[in-house]
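Since the structure comes first, as structure tokens, the remarks are kept for the end.
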Amino acid sequence: NTTNNSNVSNTMINQTILCVNPLSIKNQTTINIIILGASKVGKSAFLIKITENTFEKLYIPTIYIENQQKAVPYNSKQYTLNFTVTATGVYKEDYTCVYNGMHFFLVFYDVTNTSTFNEAQKLYNKELKFKHMHYNYEVSNIFFVGNKVDEIPRQVTLEMSEEFCEKNKIKLFEIS
């Protein structure tokens with residue numbers, strides 16, 4: 001449940017903006033962020049929480065893509081975060097053309113379901129690894145997001161996630 005997740009969500013937004021290489025988006029005020037992952041990991045719920053500050057308990061699968069925006073101030077400048085969530089499962093399509101316009105990739109998985117973490121790793125290795133850019137040699141444009149940390153039993157340990165992310169120089173967040 002992402003009802004009390006404002007601090008984590010705001011931290012992710014601020015760190016995302018911090019990661020932007022000023023040379024890559026010079027004079028741009030729109031930052032494109034795509035949210036990927038297996039079905040039922042909380043991608044759309046996260047999007048609604050970030051953009052509308054509400055938590056939607058009803059699960060309605062994304063059929064193609066959904067877009068929402070959020071305006072955020074940073075360093076005396078106004079940015080528009082343009083979020084895109086992709087469909088998965090039976091509705092999944094080839095999104096590689098959508099990837100081309102993205103600055104950041106949030107790859108979601110459910111910490112109570114190992115198969116979603118395995119799917120996130122496959123997604124990174126097959127589709128996103130070549131999109132991986134390091135800013136300031138420390139921060140990448142790909143973030144792994146372990147969701148549902150308040151639920152039990154947990155199948156994907158923090159150590160498992162950290163090991164994969166450290167090996168690939170990916171930033172890791174855990175949220176609920």
Side-chain angles (χ1 to χ4, degrees), residues 1-89 91-110 116 120 123-124 127-128 130-136 139-149 170-176:
N1 121 23
T2 59
T3 54
N4 295 320
N5 205 22
S6 293
N7 290 339
V8 172
S9 299
N10 290 335
T11 300
M12 285 183 68
I13 288 173
N14 289 337
Q15 288 200 17
T16 299
I17 293 170
L18 278 171
C19 295
V20 174
N21 180 345
L23 297 175
S24 71
I25 62 165
K26 189 175 183 178
N27 299 322
Q28 285 188 2
T29 57
T30 300
I31 300 170
N32 296 316
I33 302 166
I34 191 165
I35 302 172
L36 308 157
S39 295
K40 300 180 184 178
V41 295
K43 300 179 303 288
S44 295
F46 174 78
L47 177 65
I48 292 167
K49 179 63 179 171
I50 285 276
T51 58
E52 300 174 17
N53 201 27
T54 61
F55 177 67
E56 181 61 53
K57 291 181 181 181
L58 182 63
Y59 172 74
I60 300 173
T62 303
I63 295 179
Y64 179 61
I65 58 174
E66 54 186 297
N67 291 298
Q68 288 200 35
Q69 295 182 336
K70 179 174 180 97
V72 293
Y74 183 75
N75 277 351
S76 303
K77 192 171 183 179
Q78 190 74 13
Y79 289 91
T80 299
L81 302 181
N82 184 34
F83 291 96
T84 300
V85 175
T86 61
T88 56
Y91 301 111
K92 181 166 176 36
E93 305 218 2
D94 180 4
Y95 296 110
T96 51
C97 63
V98 177
Y99 295 168
N100 291 332
M102 295 298 151
H103 296 106
F104 293 95
F105 301 82
L106 304 181
V107 182
F108 270 64
Y109 62 94
D110 175 352
T116 65
L123 178 66
Y124 172 76
E127 297 181 26
L128 300 179
F130 70 97
K131 293 285 187 188
H132 197 161
M133 297 173 282
H134 296 280
Y135 298 127
N136 304 325
V139 182
S140 78
N141 62 326
I142 298 175
F143 300 88
F144 263 46
V145 181
N147 195 17
K148 304 182 185 182
V149 295
I170 298 170
K171 186 77 172 173
L172 172 66
F173 288 95
E174 289 200 333
I175 63 173
S176 71

Next on the checklist: List the residues meeting side chain to side chain contact (heavy atoms under 4.5 Å, CB included) with N82, not counting sequence neighbours, and say none if there are none.
Outcome noted: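 Partners of N82 under the side chain to side chain contact (heavy atoms under 4.5 Å, CB included) test: T30, N32, Q69.
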Please examine the side chains of [Y] and [X], heavy atoms only from C-beta on, and report whether any two atoms are closer than 4.5 Å.
X	Y	answer
Y124	I142	yes
L81	I50	no
F46	V145	no
T29	K77	yes
D110	N147	no
Y99	F105	yes

Next on the checklist: Looking at A38, is its backbone amide N or carbonyl O close enough to the side chain of T116 to form a donor-acceptor pair, meaning the two atoms are under 3.5 Å apart?
Outcome noted: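 Not at all, since once roles are kept as given, no pair shorter than 3.5 Å links the two residues.
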Item to check | Under 3.5 Å donor-acceptor, K43 side chain and F108 backbone | outcome: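 Side chain of K43 to backbone of F108, a donor-acceptor pair under 3.5 Å: no, none is there.
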Got a second to check how far [X]'s [atom1] is from [Y]'s [atom2], nearest 0.5 Å?
X	Y	atom1	atom2	result
Y109	K148	OH	NZ	13.0 Å
M102	N100	CE	CG	9.5 Å
I35	T84	CD1	OG1	8.0 Å

Item to check | T51: side chain to side chain donor-acceptor pair (under 3.5 Å) partners, not counting sequence neighbours | outcome: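 In terms of side chain to side chain donor-acceptor pair (under 3.5 Å), with neighbours along the sequence ignored, T51 is linked to Q68.
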Next on the checklist: Tell me the closest heavy-atom pair linking L123 and G37, and the distance in Å.
Outcome noted: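 Shortest heavy-atom contact: CD2-N, 4.2 Å.
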